[in-house]
Protein chains: 2
Amino acid sequence: MIESDNRSTGSVYEMIRDDIVSGRLEPNARLKIAELALRYRTSTNPVREALQQLRGEDFVQMEPNRGARVRPIDEAFVRDIIEIEVLLEPALTKWFVSIANEADIAELEAVQAQIEENDFADRVRHGELDTRFHQLIYDRHYNRHASELWWKHREVLRAISRRFATSLSRRQAVLREHRTLIAALRAQDAEGAAAIVAQHVEGSGRHIIEQMGAAKRIIPRRSPA
Amino acid sequence: MIESDNRSTGSVYEMIRDDIVSGRLEPNARLKIAELALRYRTSTNPVREALQQLRGEDFVQMEPNRGARVRPIDEAFVRDIIEIEVLLEPALTKWFVSIANEADIAELEAVQAQIEENDFADRVRHGELDTRFHQLIYDRHYNRHASELWWKHREVLRAISRRFATSLSRRQAVLREHRTLIAALRAQDAEGAAAIVAQHVEGSGRHIIEQMGAAKRIIPRRSPA
DNA sequence: AGTAGAAAAATCATACATGATCTATTCCGC
DNA sequence: GCGGAATAGATCATGTATGATTTTTCTACT
């Protein structure tokens, strides 16, 4: 246990989930019931239930009689998610083109301005802004399922990204693609916007996977359970 | 409670899930913990945990202090799932084209022969065969995430379908599309196969939604909670 | 290294306290 | 008497606690 936390706000589920997504609980970390119960100042029952819910959401893996672990995230996992996002996000974007009004696009531009102003200096802030940028596009979709699926994937990817810095070339690509996307949206070019988003997602995935590969070569990997 | 079940095989989670997917627990049915504990001959703790896991998988909905219900399934829900499948399944199919060998296609044809032989006479059997048909295509995909997502959606859709009969025109379309799909796969025509699958999924979704609409007009709907 | 035994941990079963919600009856003003 | 508000009791979800049992994990010894 890293820190004996005594936050008392929010459900146990939310707190554990938060700790996983934010990285305070590392990938593959063992999640002992008694320990978590202490950490979140509850009894074991809520912890068990939270873990089961997280298991259902695939944030946690469980083996019979061997308890729970934070879902270990490897390159294949990221690739899988990205492949789905490459399909999903362009489709969500296309629909956004048909409903976006001037105010929506102005808001996108405002966020983009903040992203450029921050210019990757504050990594956490960039993550938040970038998420908000895409969320503006996806969150209003009528397909709640698709939108929530995106969000779930997003959170996982963000949890990974926060461990790595963004390469210079990737920074450039991100800014460029965001700008191009805004232009396409403004021009009501659904196909163009979708194509850029696909490229954006793919690039993001490739970047993360490369970083993971690089990190693995430096940090000696724990034997995987 | 309909039946006092005393099956003792499998985890409580599996049994509840099974009862939901198979329809023994109706959509929107209230899931009382004490009742389920009796039904599955366990204590309340495993039931509570199973419900949380199912909640994470979205088979069950929960409201604070008001317990759990079997996820009510409406047209919007089906539409959402289908929209995702329209993206997912063609992509999975394309990949299948690149790895399928003669034996794979022969197996598809064998299943298709059984489907045609059964000719929708036994509804449950048709559901099984149809699932197996598509499973042959998707299950070997390297993207476990996508494959599992398909499977989850499939189970839900099957649970709905089993309540309705298949219209004559839909029967024809299913058989035709399966045959065309096999032909495209054999011809290594990835794009063609993908297009047919997209059409197949969309048609299936449309059919289900129509059936649901029709049923609603006959069966007076319970006030939705 | 391999292993026996100890400690830790998961899992399940109860029992109970508390508080929210639902139901149905009572009660009041009209 | 009638409709609706107030309320008392039943029902249920949720959290806590504790013990039994089994499996896994750790530790110390050969």
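Shown here are the side chain to side chain donor-acceptor pair (under 3.5 Å) partners of B:Thr131, two or more places apart in sequence or in another chain: B:Arg154, B:Arg158. By the side chain to side chain donor-acceptor pair (under 3.5 Å) test, B:Asp104 pairs with B:Arg140, sequence neighbours left out. For the side chain to side chain donor-acceptor pair (under 3.5 Å) test, no residue two or more places apart in sequence or in another chain qualifies with B:Trp95. Qualifying side chain to side chain donor-acceptor pair (under 3.5 Å) partners for A:Glu117, counting only residues two or more places apart in sequence or in other chains: none. In terms of the side chain to side chain contact (heavy atoms under 4.5 Å, CB included) criterion, residue partners of A:Thr166 (sequence neighbours excluded) are, by chain and number, A:Phe120, A:Arg170, A:Arg171, A:His207. The salt bridge (Lys or Arg N to Asp or Glu O under 4.0 Å) search around A:Glu128 returns none, not counting sequence neighbours. With sequence neighbours excluded, the residues satisfying salt bridge (Lys or Arg N to Asp or Glu O under 4.0 Å) with B:Lys94 are B:Glu191. Partners of A:Glu83 according to the salt bridge (Lys or Arg N to Asp or Glu O under 4.0 Å) rule, which considers only residues two or more places apart in sequence or in another chain, do not exist here.
Under the 3.5 Å distance criterion, the side-chain polar atoms of A:Arg144 are matched with a main-chain donor or acceptor of A:His141. Checking side-chain atoms of B:Arg162 against main-chain N and O of B:Ser22 turns up a donor-acceptor pair under 3.5 Å.
Across the protein-nucleic acid pair, B:Glu35 atom CD and D:dC12 atom C1' stand 11 Å apart, rounded to whole Å. For the pair B:Lys32 NZ and C:dT21 C1', the computed distance is 12 Å after rounding to whole Å. For the pair A:Met62 CE and C:dA9 C1', the computed distance is 12 Å after rounding to whole Å. In this structure, A:Tyr13 places its OH atom 15 Å from P of D:dT14, rounding to the nearest Å. The separation between B:Glu63 atom CD and C:dA20 atom P is 16 Å, rounded to whole Å. For the pair A:Tyr40 OH and D:dT14 P, the computed distance is 20 Å after rounding to whole Å. If you measure from atom CG of A:Leu31 to atom C1' of C:dA8, you get 16 Å, rounded to the nearest angstrom.
The stretch residues 45-55 of chain B touches DNA chain C through B:Asn45, B:Pro46, each having a heavy atom within less than 4.0 Å of the strand.
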Got a list of protein N/O to nucleotides 21-25 of chain D N/O distances below 3.5 Å?
| unit_1 | atom_1 | unit_2 | atom_2 | d |
| --- | --- | --- | --- | --- |
| D:dT25 | OP1 | A:Arg66 | NE | 3.3 |
| D:dT25 | OP1 | A:Arg66 | NH2 | 2.8 |
| D:dT25 | OP2 | A:Arg66 | NH2 | 2.8 |

Could you list all N or O pairs between the protein and nucleotides 4-6 of chain C that sit under 3.5 Å apart?
none

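Residue pairs meeting the ring-ring contact (aromatic ring centres under 6.0 Å, His included) criterion with at least one member in residues 14-35 of chain B, sequence neighbours excluded, do not occur.
Residue contacts shown for A:Thr44 are absent, as no nucleic acid heavy atom lies under 4.0 Å away.
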